[in-house]
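Predicted model, so just to flag it, every value in this text is computed and none were measured. First listed ligand is number 1; within each ligand, the first listed atom is number 1.
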Amino acid sequence: MFRDPAALAEGTAREVIRIVAESLERRGRCALALAGGSTPRELYETLSQEPFLERLDWSRLDLFWGDERCVPPDHPASNYAMAREALLSRVPIPEDRVHRIRGELDPLEAANLYERELRSFAGGALPRLDLLRLDLVLLGLGADGHTASLFPETPDLLGEERLAVPTLAPQTPRNRISLTLPVFNAARTVMFLVQGAGKADVLLAVLEGESLEGPPLPAALVRPRTGRLLWMLDRAAAAKLRRGHDPRSARRGPPSR
Ligand code: 6PG
């Protein structure tokens with residue numbers, strides 16, 4: 001774990017660069033799904049500056065989002081707007097490789113459009129959802145245990161056999177679009193980015209609370225089948241974990257193929 005948010009952003013940027021470079025070398029392309037919320041902003045700004053800026057081949061990266069709020073792309077609550085300000089406006093990524101979720105549309109229409117874009121990226125028909133293998137998925141963790149826009153209040157979504165679904169958040173903007181657990185669990189690497197004392201309790205519940213009564217928290221259901229699960233934490237968020245519990249080694253699958 002990292003001593004503070006700045007160290008977390010820098011350490012995570014190094015790991016993102018390494019994973020993207022490995023994916024481009026092995027497969028000639030890299031599908032990276034960005035996280036929303038506020039935590040990733042410092043990471044995106046770090047990636048858009050030296051020494052990281054020139055170490056990433058932006059022209060060959062395909063950017064997706066794990067979720068989006070149903071607001072226009074220039075709305076202050078838009079995850080795309082945050083990424084555009086902190087990253088996209090500063091790096092040479094071709095427009096046609098930025099696959100944003102159309103938050104300005106009707107939620108179901110936006111989810112269907114995004115699903116079609118994901119299927120097309122995967123080469124058309126997807127006989128099984130787990131054949132869409134994103135190379136790196138960045139996720140945040142909400143204080144209630146949600147991740148992306150999969151919330152404890154909408155457990156029925158957790159079994160969705162879809163790539164992207166409209167969901168409802170307990171807080172505004174309530175209408176969201178989210179990738180689903182099958183997509184996260186088919187990814188080659190999933191990287192949670194969690195910082196601050198406010199997340200210490202929920203992180204403990206997700207990482208060590210298997211015995212808790214009640215349904216598992218959505219974030220605890222993100223368990224990549226063959227991919228790797230990395231927890232990038234600052235010290236404040238990790239404060240309640242058992243001493244020596246380094247979640248970054250948690251459920252590390254075989255190296256991504
Ligand atoms: C969103 C995110 C959401 C976020 C968590 C953590 O659209 O809000 O996808 O899942 O990652 O709520 O948010 P913070 O980083 O702001 O704490």
Side-chain angles (χ1 to χ4, degrees), residues 2 4-6 8-9 12-13 16 32-47 63-87 99-104 107 110-111 114 134 136-155 157-158 163-181 183-184 187 190-207 216-222 229-234 236-239:
F2 299 91
D4 57 30
L8 173 63
T12 305
V16 167
L32 164 58
L34 295 178
S38 55
T39 299
R41 178 186 286 273
E42 190 163 0
L43 166 63
Y44 300 161
E45 288 169 350
T46 302
L47 285 169
L63 277 190
F64 296 88
W65 274 259
D67 71 322
E68 184 55 279
R69 291 82 179 273
C70 293
V71 294
D74 56 356
H75 189 285
S78 161
N79 288 333
Y80 167 79
M82 185 274 273
R84 180 159 193 80
E85 184 187 318
L87 180 63
H99 310 277
R100 78 175 176 90
I101 302 172
R102 300 292 191 272
E104 67 277 20
Y114 194 46
L134 298 178
L136 175 57
V137 175
L138 302 180
L139 288 174
L141 175 63
D144 62 354
H146 80 260
T147 191
S149 283
L150 300 176
F151 295 92
E153 293 79 3
T154 49
L157 286 177
L158 301 179
L163 297 175
V165 289
T167 78
L168 265 186
Q171 67 276 15
T172 56
R174 296 208 60 205
N175 285 312
R176 312 278 180 103
I177 309 295
S178 185
L179 290 180
T180 58
L181 282 175
V183 177
F184 297 146
V190 175
M191 188 186 279
F192 274 93
L193 194 56
V194 188
Q195 75 182 35
K199 301 289 175 73
D201 287 330
V202 67
L203 190 64
L204 181 64
V206 168
L207 285 179
L217 298 171
L221 295 174
V222 176
L229 177 58
L230 298 177
W231 290 87
M232 309 303 273
L233 312 172
D234 74 349

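- Contact annotation: Q195 has no heavy atom less than 4.0 Å from any atom of ligand 1.
- To the nearest 0.5 angstrom, E85 atom CD is 7.5 Å from E45 atom CD.
- Between L34 and L63 there is a side-chain heavy-atom pair separated by less than 4.5 Å.
- Close approach to D67 involves these atoms of ligand 1, each under 4.0 Å from a residue heavy atom: 1 (C), 2 (C), 7 (O), 9 (O).
- Protein heavy atom closest to atom 13 (O) of ligand 1, with residue, atom name and distance, is G37 CA, 4.0 Å.
- Residues V206 and W231 are in side-chain contact: their nearest non-hydrogen atoms beyond the backbone lie under 4.5 Å apart.
- Scanning both residues, L203 and A237, for their nearest heavy atoms gives CD2-O, 3.3 Å.
- When only non-hydrogen protein atoms are considered, atom 11 (O) of ligand 1 lies nearest to G140 CA, 3.3 Å.
- For the pair A148 and ligand 1, a heavy-atom separation below 4.0 Å is found.
- Ligand 1 has a nitrogen or oxygen under 3.5 angstrom from a nitrogen or oxygen of T39.
- Counting only heavy atoms from C-beta outward, the side chains of L138 and L43 approach each other to under 4.5 Å.
- At a 4.0 Å cut-off, not a single heavy atom of E68 sits close enough to ligand 1 to count as contact.
- Side-chain atoms of F64 and L179, non-hydrogen and from C-beta on, never get closer than 4.5 Å to each other.
- Summary of contacts: the protein heavy atom closest to atom 16 (O) of ligand 1 is S38 OG, 2.6 Å.
- Ring geometry for H146 versus F151: interplanar angle of 30 to 60°, hence tilted.
- The K199 neighbourhood of ligand 1 comprises atoms 6 (C), 14 (P), 17 (O), with distances under 4.0 Å to a heavy atom of that residue.
- Of the candidates R69, Q171, H146, the one placing a heavy atom closest to atom 12 (O) of ligand 1 is H146.
- The two residues L141 and A219 come nearest to each other via the heavy atoms CD1-CB, 3.4 Å.
- Protein heavy atom at the shortest distance from atom 6 (C) of ligand 1 is L141 O, 3.5 Å.
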